[in-house]
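Worksheet: the structure to be examined is printed underneath.
Naming: A, B, ... by sequence-line order, numbering from 1 per chain.
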Amino acid sequence: VRKQSQITTFFSPG
Amino acid sequence: MLELRLVQGSLLKKVLEAIKELVTDANFDCSATGFSLQAMDSSHVALVALLLRSEGFEHYRCDRNLSMGMNLGNVSKMLRCAGSDDIITIKADDGSDTVTFMFESPNQDKIADFEMKLMDIDSEHLGIPDAEYQAIVRMPSGEFARICKDLSSIGDTVIISVTKEGVKFSTAGDIGTANIVCRQNKTVDKPEEATVIEMQEPVSLTFALRYLNSFTKATPLSETVSISLSSDLPVVVEYKIADMGYVRYYLAPKIEE
């Protein structure tokens with residue numbers, strides 16, 4: 001089973 | 001004071017159609033560099049980044065950096081009132097809570113202005129690091145749109161795999177499975193019809209098709225699309241806007257639990 005990851009997991013604020 | 005005059009106003013209409021399905025409200029940022037936007041969809045799975053460089057406008061005046069919060073559905077309603085050949089000018093005064101869209105017909109016999117209320121939007125700006133991608137696929141944008149649409153009638157997710165054989169789009173659903181392979185094809189009459197695969201190493205990633213389908217709303221902006229893939233990064237789906245900039249979509253992959 002695959003889970004949807006989020007953009008914020010890869011890119012951080014800044 | 002902000003005044004941006006775009007002779008090819010239809011570009012702006014197409015840009016709005018390309019992003020309004022994904023994002024509801026967003027800040028448009030205006031600086032000396034250009035007119036830009038970065039926003040995530042409500043579930044933070046996808047991100048859109050738009051840049052229209054200042055050099056692409058016939059007239060570009062932006063006295064100081066300005067961020068204007070807008071509901072994209074409302075912007076789209078306003079821009080749909082512009083004719084496809086109209087010149088569009090975006091105007092705003094410093095500190096104003098409104099933005100004005102002015103539409104001029106090509107022979108100047110009709111001039112309309114539409115004033116829209118701005119809104120305060122809290123949005124975090126994400127830093128997107130430059131990355132070396134394992135594979136970059138360039139293909140006709142219409143072909144990519146067709147593949148995403150066709151596969152979404154079979155399944156909800158797509159596995160995009162790049163090998164030296166080509167790029168494979170696979171899905172599976174209750175009624176069956178589907179695989180579409182596109183091979184590199186540079187021997188075409190026009191460069192925009194080519195499929196070009198630059199691969200450093202094979203890569204395979206899984207994505208939700210509904211987001212990719214939403215990205216393909218940008219198809220009218222460019223004849224070609226580039227898809228950049230790396231195993232530990234969101235895919236980048238880029239539509240270049242001729243002489244002006246780009247719309248880039250980032251989509252987080254589905255990962256093993």
Interatomic distance, B:T157 atom OG1 to A:Q4 atom CD [nearest 0.5 angstrom] =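 So the gap between those two atoms works out to 10.0 Å.
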With rounding to the nearest 0.5 Å, note down the distance linking CD in B:E124 to OG in A:S12.
->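 So the CD of B:E124 and the OG of A:S12 are separated by 9.5 Å.
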Aromatic ring centroids of A:F11 and B:Y250 under 6.0 Å?
->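 Yes; B:Y250 has its ring centre under 6.0 Å from that of A:F11.
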Let me know if [X] has heavy atoms under 4.5 Å from chain A in its side chain, its backbone, both or neither.
| X | answer |
| --- | --- |
| B:D232 | backbone |
| B:E257 | both |
| B:S43 | backbone |

Is [X] atom [atom1] crowded by more than 12 heavy atoms from other residues, nucleotides or ligands, each under 6.0 Å away?
| X | atom1 | answer |
| --- | --- | --- |
| B:K14 | NZ | yes |
| B:D63 | CG | yes |
| B:E17 | CD | yes |

Got B:P129 and A:F10 here, is their nearest side-chain heavy-atom distance under 4.5 Å?
->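 B:P129 does not reach A:F10 side chain to side chain.
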Pick one of side chain, backbone, both or neither for A:S5, based on which atoms fall under 4.5 Å of a heavy atom in chain B.
->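 A:S5 touches chain B through backbone and side-chain heavy atoms alike.
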Hey, which of A:I7, A:T9, A:T8 has the most heavy atom pairs under 4.5 Å with chain B?
->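 Top option by heavy-atom pairs under 4.5 Å: A:I7.
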Salt bridge or not for B:E256 and A:R2, using N-O below 4.0 Å?
->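 Salt bridge present between B:E256 and A:R2.
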